[in-house]
Amino acid sequence: MTTVTAQPAKGDTQAAQQRRMLREMLLIRRFEEKAGEAYALGKIGGFCHLYIGQEAVAVGVSAALEPTDYVIASYREHGQALVRGISARAVMAELFGKSTGCSGGKGGSMHLFDVAKRFMGGHGIVGGHLPLATGLAFAIKYRGGDEVCACFFGEAAVNIGAFHEALNMASVWKLPVIFLCENNRYGMGTAFERVAAVTDVVEHACSYDIAAEVVNGMDVLDVQQAMSRAVQRARKGGHPTLLEVRTYRYMGHSMSDPLHGVYRTKDEVEEQKKKDPILQLSHRLRQDGAIDQAGLDALEAEVRAEVEDAVRFADESPDPAPEELTAHVLAD
Amino acid sequence: MTTVTAQPAKGDTQAAQQRRMLREMLLIRRFEEKAGEAYALGKIGGFCHLYIGQEAVAVGVSAALEPTDYVIASYREHGQALVRGISARAVMAELFGKSTGCSGGKGGSMHLFDVAKRFMGGHGIVGGHLPLATGLAFAIKYRGGDEVCACFFGEAAVNIGAFHEALNMASVWKLPVIFLCENNRYGMGTAFERVAAVTDVVEHACSYDIAAEVVNGMDVLDVQQAMSRAVQRARKGGHPTLLEVRTYRYMGHSMSDPLHGVYRTKDEVEEQKKKDPILQLSHRLRQDGAIDQAGLDALEAEVRAEVEDAVRFADESPDPAPEELTAHVLAD
Amino acid sequence: MPTITYRDALNQALREEMQRDPNVFLMGEEVGLYQGAYKVSRGLLEEFGAKRIVDTPIAELGFAGIGVGAAMGGLRPVVEFMTWNFAVLALDQIVNSAAKMLYMSGGQIPMPIVFRGPNGAALQLSSQHSQAWESWLSHIPGLKVVAPATPYDAKGLLKSAIRDNNPVVVLEGEMLYNNKGDVPEGEILIPIGQADVKREGSHVTIICHSKTVAIALKAADQLATQDISAEVIDLRTLRPLDDTAILRSVAKTNRVVVVEEGWPQCGVGAQVADLIQREAFDQLDAPVLRVTQADVPMPYNKQLERLAKPSPEKVVAAARRVLYLD
Amino acid sequence: MPTITYRDALNQALREEMQRDPNVFLMGEEVGLYQGAYKVSRGLLEEFGAKRIVDTPIAELGFAGIGVGAAMGGLRPVVEFMTWNFAVLALDQIVNSAAKMLYMSGGQIPMPIVFRGPNGAALQLSSQHSQAWESWLSHIPGLKVVAPATPYDAKGLLKSAIRDNNPVVVLEGEMLYNNKGDVPEGEILIPIGQADVKREGSHVTIICHSKTVAIALKAADQLATQDISAEVIDLRTLRPLDDTAILRSVAKTNRVVVVEEGWPQCGVGAQVADLIQREAFDQLDAPVLRVTQADVPMPYNKQLERLAKPSPEKVVAAARRVLYLD
Ligand SMILES: Cc1ncc(C[n+]2csc(CCOP(=O)(O)OP(=O)(O)O)c2C)c(N)n1
Ligand SMILES: Cc1ncc(C[n+]2csc(CCOP(=O)(O)OP(=O)(O)O)c2C)c(N)n1
Ligand SMILES: [Mg+2]
Ligand SMILES: [Mg+2]
């Protein structure tokens, strides 16, 4: 099974890179759809937060990163995990709670980890991983490394104290961390404007004297470019950046929540889908002649096969052994 | 014993009001000096944070408030308590831990309370009382009242999450709260610029869309005027304000800490003392002919007598009865 | 007698108390427009309006503190945590502000506030979303802590909590909300501090609360088939503990198993065991045994999670051991 | 053998471990330029520079989390809390990030981090600045918790904590920093998880830790004048508890008093009592008794504070009761 690689190979043409990004977005989309099905079948338990609609963010960000860079995210992190190169098998198996999962079946959907891929988790407390990201960047600087740390979180986290404490220290200490606020407008059923005095998340950058940009999160190239600028600032001078990436989630907050309802209309969701990042990119690639229908079909087939293989693999994998219950509470 | 009243009586002349403010500042200054002596004698225990140098802030703020308005503060709150009309006796007795203290001897220097005076404490966890202030303002609005809540805190609290959570909700819900940041440049031995990415505290107001002003905290009239504007905004429309009051503490952080040392020079302290708020106001009043030397001497004598009486009272007051240990853990 | 869910029992309690006292209001994440993450507040926004059903940002420390401030200002807030897992961020306000305010103000500031929400594990929510906080919360003087197991107790205890002039922690449970039970119409007020005998028995006492009451009752059923008569004591209130009720049952059975959702060290069961050995030393025919969550963060995998949680089988095994049958 | 203060013992431990391993660094409020609020880090900024002695803003949640993140990135952070009273704000990071990271990552991310600072009451610091957190912290799987009482133990345990690959909580004490004791030159490493017999005795065991060790030793002195021979067991590590050492002493004396600074309900003493009644039921000649802080927030007044705290007199009284002398 080929795994998705997050990085453009050296000497890659622009078209090839964009085709790769299209493939990555498609993989996330199909993966999440399957995860949704598996959840409905009871094969996945707990909370399961799908990334459908937001694919361009993880893909665009990842395209600007090196394999040695750290990525850390909230509980809505299947996409980021996949695009960083954790195999669909290992992610799906983790959702299924299997021993072959990327966290050995002990973390689940909200806690995907793969240290070899520098994917530092899936974290469940809103805002809680922003200090962790800052600490990873602290470690980079301490060691004199030139990696960066990319930290994904939702806009609702801006209202919680940890966001502010982390941004302040990242700026005071000039740490190479990029705060990626995926502003999908809602925290569960709450529209951001109902709970935030200022709805432009970038405004907060002024309070911390850090670079900031608003990014169109439905356009993977826009994301990639803004991220490249942020990465450059971080890698060179240890300057943190706050990117407000405007995006949209198509599904309910988690598999337990409704698609829409009082908090947003069906029309709004449908309207947003017109800006679908996958549609946009495939359209562009077709216009540029970088891909044709046959190419698209092949991609689709390839990705579907990869996801189906992942489901099969997860299904057939064993549960963790009972001894796993007490393993890894403490390290030696 | 006359107690200091925080409010200008109706029909008060401007000169009379300013003389009253001078008296209040002087009372705080002499009170704090005595508290420092009593601490050295072991009559006061624990942490004791003096307000010397910052008197204009409490006095100017209080001059703009009505008796029904709420005041809440950090652990550096002797001045605010006095100027809100808690008698020097009750405050000193509390520092001495006596049953006649304003918190019955159970709170101490950091936890002065007098609900009748709407003085809602003395709180010891940095940032912790900003949500409380916001909640008091919430209660005001809920009841349809036209009071306001004034909340004093140090600049170091701006770096802690509670500050941000409180300001955001105060703004979203349009609550009548005035956040008074007493920027005395240091949190213990740490200069603000060493730990804050942006040192103009007012900058944070942009992130929360609330009114803000920088105020000269060594000039009591400047404080009073800025506070009056803030109070008006709050009382009328429930608009919160962030006032950054630039001030300076002459003494060490608490009685256990050095006056200066590595973190600031003696020269810096001496330089600041030239802008002393009491000197400035008495000078102005003299120039305006609103007070003469004899008047000043009389004021000084009156205030000294008041403070000495307070010490005597505190000294002679009994400790709380042993039964107090288990009283007030729960209300009926 | 109407049979309603635990969720609806809580909803009734909130509604009745809000109708009764205009100073009672509810605040928390998603309590209004979304009708509550677990629908406990369903319909309340419509009935009481946005002034009294207040949707908050995700800012547990801040809104818990705002609740405390509102109580200082004379209101009677009910603060909902979406789950207690997130309330860890608000502990400073619960412990340092709410629990200590009356004391450190020398008795001037009562603190009529309720902090409520689901506690402990649900199903496969993994390490960060499955924590049972009763041991921590019941450690703190100045708080009261209740953990109702049935719809009836949920209604009666929440109503009492709202009327109490002290900060009361109400520990509910995602896995309890759908449970049904008889709840008579009209006013129910269960005094805080009273345990309840959920089943009478004579050979062994099983002490439990919240979700573990169902486990204890199942264990008692199983034990009955082995001719062992188990008494099931539901603590209901964890602070103050109902020492009298516990000791009364010990005097009768002389053997005790304590079961709880939380971790073993310094758990509620440790306190109960300490109490019993101290106050009923001569009545004990066997050491008090405990069934708790395994001493590990909660794993995601379903089988491991099952192994980690207390179960009727584990309670039966412990009961047989205190009876020296195994 | 050099006699040094507890403060200097900690300082030596930090200095030696920082010299030994360039990945060890110290962060916290006032640890650098100010030389530490309680001067534990005196001279370290000068020796190791601002890269490794990091002054933080007042942002406990944030810098604790940054420490955890730095540990994820391969460093070995020592996070100083000015006092543990303020660490309540950081509990989310300590419990949900540090303690659970290894487990929920399926064993991938070790967490070599130390959280340290003074714990419990000093003198007249009143309700919000006097809290003893050991019961809460030792409740949590994934953490280790140590609470040294002497300069020797402080040095040896802090060094072991820094070398441990798990999150270790080190509970110190404002009232301990000036205490002097013998600390031999050279490497001292005290294994985490081992209690220490601070005084041998045969009639009654007094179990204690941290500041209560001095109280227990004074009580033992007073008891000796009454011809009662008390054994003093200093737990030193609160998680994992040294069950063996506790039970060994119980087997010898058959009578136990547990003394701690914290509140009674679900305290460390509750766990110890639970352990003893469970594992040494037949060896106990009397119930285990406990001496704790009074079940109230700490009052400011000096006399009330004295009444609230454990004291040698209270321990003596409890010891006499377990000996059925009173
Ligand atoms: C501190 C905290 N409070 C509440 C929750 C419950 N919760 C989980 S996700 C969520 C909404 C977060 O919204 P946002 O940050 O915008 O991210 P999104 O889900 O939109 O990706 C809430 C309230 C939580 N996990 N942590
Ligand atoms: C959360 C928290 N952390 C640390 C402390 C210890 N501490 C007390 S006051 C203080 C400095 C606060 O400085 P600032 O806010 O500027 O107020 P100032 O003392 O200058 O009035 C510190 C670190 C505390 N009380 N609370
Ligand atoms: Mg969102
Ligand atoms: Mg300051």
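Naming convention: chains lettered A, B, ... in sequence-line order (proteins, then strands); numbering from 1 in each chain.
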Might you work through the side chain to side chain contact (heavy atoms under 4.5 Å, CB included) test for A:Thr190 and C:Glu29, ending with a clear yes or no? CA-CA 8 Å; A:Thr190 302; C:Glu29 294 158 13; over 6 Å; no
Tell me, out of C:Glu30, C:Lys302, C:Gln35, who's got the most heavy-atom pairs with chain A below 4.5 Å. C:Glu30
Shortest non-hydrogen separation from A:Ile125 to C:Leu89 and the atoms involved: CG2-CD1, 3.9 Å
Most contacts with chain C, counted as non-hydrogen pairs under 4.5 angstrom, among A:Gly189, A:Ser109, A:Ala162, A:Gly127: A:Gly189
Interatomic distance, A:Leu325 atom CG to C:Leu307 atom CG [nearest 0.5 angstrom]: 5.5 Å
Minimum heavy-atom separation for C:Asn301 and A:Pro320, please, with both atom names. ND2-CD, 3.2 Å
Sub-4.5 Å side-chain heavy-atom contact between A:Val126 and C:Phe86: no
Greatest number of heavy atom pairs closer than 4.5 Å to chain A - which of C:Leu123, C:Thr56, C:Asn85, C:Leu33: C:Leu33
Distance check, rounded to the nearest 0.5 Å: A:Glu94 atom CD versus C:Tyr300 atom OH? 8.0 Å
Nearest heavy-atom approach of C:Ser126 to A:Gly107 is OG-O, 2.7 Å
Output a table of donor-acceptor pairs, distance under 3.5 Å, between side-chain atoms of residues 95-104 of chain A and any protein atom two or more places apart or on a different chain; print 'none' if there are none.
{"unit_1": "A:Lys98", "atom_1": "NZ", "unit_2": "A:Ala314", "atom_2": "O", "d": "2.9"}
{"unit_1": "A:Lys98", "atom_1": "NZ", "unit_2": "A:Asp315", "atom_2": "O", "d": "3.1"}
{"unit_1": "A:Lys98", "atom_1": "NZ", "unit_2": "A:Ser317", "atom_2": "O", "d": "2.9"}
{"unit_1": "A:Ser99", "atom_1": "OG", "unit_2": "A:Pro318", "atom_2": "O", "d": "3.1"}
{"unit_1": "A:Thr100", "atom_1": "OG1", "unit_2": "A:Ser317", "atom_2": "OG", "d": "2.8"}
{"unit_1": "A:Ser103", "atom_1": "OG", "unit_2": "A:His111", "atom_2": "O", "d": "2.7"}
{"unit_1": "A:Ser103", "atom_1": "OG", "unit_2": "A:Phe113", "atom_2": "N", "d": "3.1"}

I need the residue from C:Val88, C:Leu125, C:Asp295 with the largest number of non-hydrogen atom pairs under 4.5 Å to chain A. C:Leu125
Neighbour count >12 (heavy atoms, 6.0 Å) for atom CZ, C:Arg42: no
Would A:Lys106 and C:Leu304 count as a side chain to side chain contact (heavy atoms under 4.5 Å, CB included) if you check the C-alpha gap in whole Å, the side-chain angles of each, and the deciding distance to 0.1 Å? CA-CA 8 Å; A:Lys106 288 161 93 164; C:Leu304 294 184; 4.0 Å; yes
In the structure I gave you, are the side-chain heavy atoms of A:Ile160 and C:Glu60 within less than 4.5 Å of one another anywhere? yes
I want to check something: taking the side chain as every heavy atom from C-beta on, are C:His129 and A:Met110 in contact at a cut-off of under 4.5 Å? yes
